[in-house]
Amino acid sequence: MITKQKGTYDIYGEEAKKRAYVDEILDSLCEKYNYGYIETPVFEASELFHRGVGEATDMVQKETYDFKDRGDRMLTLRPEGTAGVVRWFIENKLYGNMSEPVKVYYNAKMYRYERPQSGRNREFTQWGFECFGSDDVMSDAEVISLAYNAYRLLGLDNIVVRINSLGDDESRNRYRDALLDYLKPRINDLCEDCQKRLEKNPLRILDCKVDADSDIIKNAPKTIDYLNDTSKERFDKLKDLLDLMDINYEVDVNLVRGLDYYNHIVFEIVLNDSYALGGGGRYNGLVETLGGPNIPGVGFAMGYDRTLLAMEEEGVHIPINDSIDIYLLYVSSSEKDTAAYLAQDLRLNGFVCETDMMSKSLKAQFKSVDRYNAKYFIVLNDEDLKDNMVTIKDNKTKEEEKVNINDLVDYLDMHM
RNA sequence: GCGAAGUUGGUGAAGUGGUUAACACGCCGGAUUGUGGCUCCGGUAUGCGUGGGUUCGAUUCCCACACUUCGCCCCA
């Protein structure tokens, strides 16, 4: 038997309906914020991610799906959404007219070669959005607001936005040096992973789970203390705006994010004070890094699958229609034609209609009525049909009524 | 890449080194039924993840691998 690949999954049935529900909420919310939907290719030149996400990151070094196509091109299945969108932005020269910011959102499959576990797969979905062209703190606030409200509208109330600022390049570099100076003499007291991180990505030592409670981490220099005046002002202004918008946030001075391209504000949306459901931040250097002009950007990505999981764990009610409007039964095969015709007629008039296609006995057809959870059913029989009549029965109240076949749509319109 | 647990039918599962692998749900057929939903009767596994090994004999013991689930790294 050929089975699905590790870390992939089929989406169908109730799961598919839940996702359709979530998608609808997210789509309509993006519309309110005037973000346009974008789809970029699943695979891109490998270099896009190496340069965009960061050559040194684990994501690029050991988690990408890389392959050569038949033309010897080095390609990579996208491990995240931002790089592709930035490529699109540059390639189509959208920077040519920056009289308004360019705002897009995506809802797409991503691929990372990882060990699957709860809320994490090799093929997974991210919903995310990017805003290009504004370096105003207003755009930071808008992005956070959009992300925050998405979770709220999905029924996740117990969320908080954790924010921090890495500052501009100058601040960030000053901080990095200070952190290294501080950590180097003390590194042997930290865990093995942290010792490795010192070289690769020292900022991440700050949110190490093992050493979280150690004094070394607690007393480490904070990014905030190394912000220059403009960066600091900007961070304060953002907090004012979030207060104004009544967004539940807290400053987390140890929040750094995994990808190289972030600067200034970074944030995560956290559920129940522990479980991160999405994250984002500003990436003012990224467009330039990828070959475009110096255009600022800010964005966010939601871990779609884990958000759905969280909704289930939080007991969020997701409305799912698991019933049909009407089931057509027939006593003998002579009424089949009528069933075929009538089913089409009802469907075209907007009703969810089913009939038997398995040559079932009448008894078995009745079972189908209940399996499909039909609101109404009709047993077609030649006797009634002779007079162009049909007996429709409400499957809940069990009341039945004889209706002219031509009045059936009107009857259903009135009763449903 | 590292660690833990698991892998029996459409589903939930019980079970044993040796003739026909419990039980339940579901599904199919039949009886009864005024056109069903209750009840009753009958049927329903390419044989126990894959490949090796031990054995007279393995689904049951051993090894490897795969997959699933959970955790670490990483990410979100």
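Side chains included, hydrogens not; waters and symmetry mates left out as well; all remaining heavy atoms used. Throughout, a chain's letter reflects where its sequence line sits, starting with A, and its residues are numbered from 1.
For A/Lys6, whose side chain is taken as the heavy atoms from C-beta onward, the closest listed nucleotide among B/U68, B/G29, B/G36 is B/U68. When each of B/G37, B/U35, B/C28 is scored by its nearest atom to the side-chain atoms of A/Val379, the top-ranked nucleotide is B/U35. Here the nucleotide nearest the side chain of A/Phe366, chosen from B/A76, B/C27, B/G36, is B/G36. The listed nucleotides are B/G36, B/U35, B/A76; the one nearest the side chain of A/Glu268 is B/A76. With B/G1, B/A76, B/A31 as the choices, the nucleotide that has an atom nearest any side-chain atom of A/Arg115 turns out to be B/G1.
Note: CE (A/Met59) to P (B/A76) measures 6 Å, nearest angstrom. Rounded to whole Å, the distance from CG on A/Leu308 to P on B/A76 is 19 Å. Look at CD on A/Glu335: it is 13 Å from P on B/U35, rounded to the nearest Å. The distance between atom NZ of A/Lys398 and atom P of B/U35, rounded to the nearest whole Å, is 16 Å. At whole-Å resolution of the value, CZ in A/Arg306 and P in B/C70 are 11 Å apart. In this structure, OH of A/Tyr327 is placed 14 Å from C1' of B/U35, rounded to the nearest angstrom. The distance from atom CG of A/Asp394 to atom P of B/G36 is 18 Å, rounded to the nearest whole Å. The interatomic distance linking A/Leu255 (CG) with B/A76 (P) rounds to 11 Å, in whole Å.
No option in A/Val331, A/Asp337, A/Thr355, A/Leu342 other than A/Leu342 meets the side-chain contact (heavy atoms from CB on, under 4.5 Å) test with A/Leu380.
Under the 3.5 Å distance criterion, with hydrogens and angles disregarded, no donor-acceptor pair is assigned to the side chains of A/Arg172 and A/Ser231. Side-chain contact, A/Tyr304 with A/Asp23: a donor N or O sits under 3.5 Å from an acceptor N or O.
With a 6.0 Å cutoff to the six-membered ring centre and a 45° limit on the axis angle, A/Arg186 counts as a cation-pi contact of A/Tyr182.
Heavy atoms of A/Phe377 sit under 4.0 angstrom from at least one base atom. Across all strands shown, A/Gly7 has heavy atoms under 4.0 Å from sugar-phosphate atoms exclusively, and none from any base. No contact: A/Gln365 has no heavy atom under 4.0 Å from any strand. Looking at heavy-atom distances under 4.0 Å, A/Asp384 makes no contact with the nucleic acid at all.
By the 4.0 Å N-to-carboxylate-O rule, A/Asp140 lies close enough to A/Arg234 to be salt-bridged with it.
B/A64 and B/G6 are spaced 15 Å apart, taking the P atom of each and rounding to whole Å. B/C23 and B/C40 have their P atoms separated by 16 Å, given to the nearest Å. Rounded to the nearest Å, the gap between the C1' atom of B/G9 and that of B/G26 is 11 Å. B/C48 and B/C61 are spaced 15 Å apart, taking the C1' atom of each and rounding to whole Å. Taking atom P on both B/G12 and B/C27, the two are 16 Å apart, rounded to the nearest angstrom. B/U55 and B/A4 are spaced 30 Å apart, taking the P atom of each and rounding to whole Å. Annotation: B/U54 and B/U11 have their P atoms spaced 34 Å apart (nearest Å). Taking the C1' atoms as reference points, B/U32 lies 33 Å from B/A13, given to the whole Å.
Between A/Tyr376 and A/His415, the ring planes lie perpendicular to each other; the angle is over 60°, past the 30° to 60° tilted range.
The base-pairing partner of B/G29, taking Watson-Crick or G-U wobble contacts with both distances under 3.5 Å, is B/C41. Across all strands shown, B/C73 forms no Watson-Crick or G-U wobble pair with both distances under 3.5 Å. Remark: B/G6 base-pairs with B/C67. Criterion, Watson-Crick or G-U wobble with two distances under 3.5 Å. Across all strands shown, B/A13 remains unpaired; no Watson-Crick or G-U wobble contact has both distances below 3.5 Å. Base-pair partner of B/A22: not found among the strands shown (Watson-Crick or G-U wobble, both distances under 3.5 Å).
On a pure distance criterion of 3.5 Å, no polar donor-acceptor pair joins the side chain of A/Arg120 and the base of B/C70.
Using a 4.0 Å cut-off, some side-chain N or O of A/Gln117 falls inside it from OP1 or OP2 of B/G71. For B/C70, one of the phosphate oxygens OP1 or OP2 lies less than 4.0 angstrom from a side-chain nitrogen or oxygen of A/Ser118.
Take the nearest nucleotide of RNA chain B for A/Tyr275 and for A/Gly119: the residue whose nucleotide is more 5' is A/Gly119. Judged by closest nucleotide on RNA chain B, A/Asn381 is the one of A/Gln5 and A/Asn381 placed further toward the 5' end.
Taking a 6.0 Å sphere around CE of A/Met389, one finds it holds more than 12 heavy atoms contributed by other residues, nucleotides or ligands. The environment of CG in A/Asp246 is sparse: at most 12 heavy-atom neighbours from other residues, nucleotides or ligands sit within 6.0 Å.
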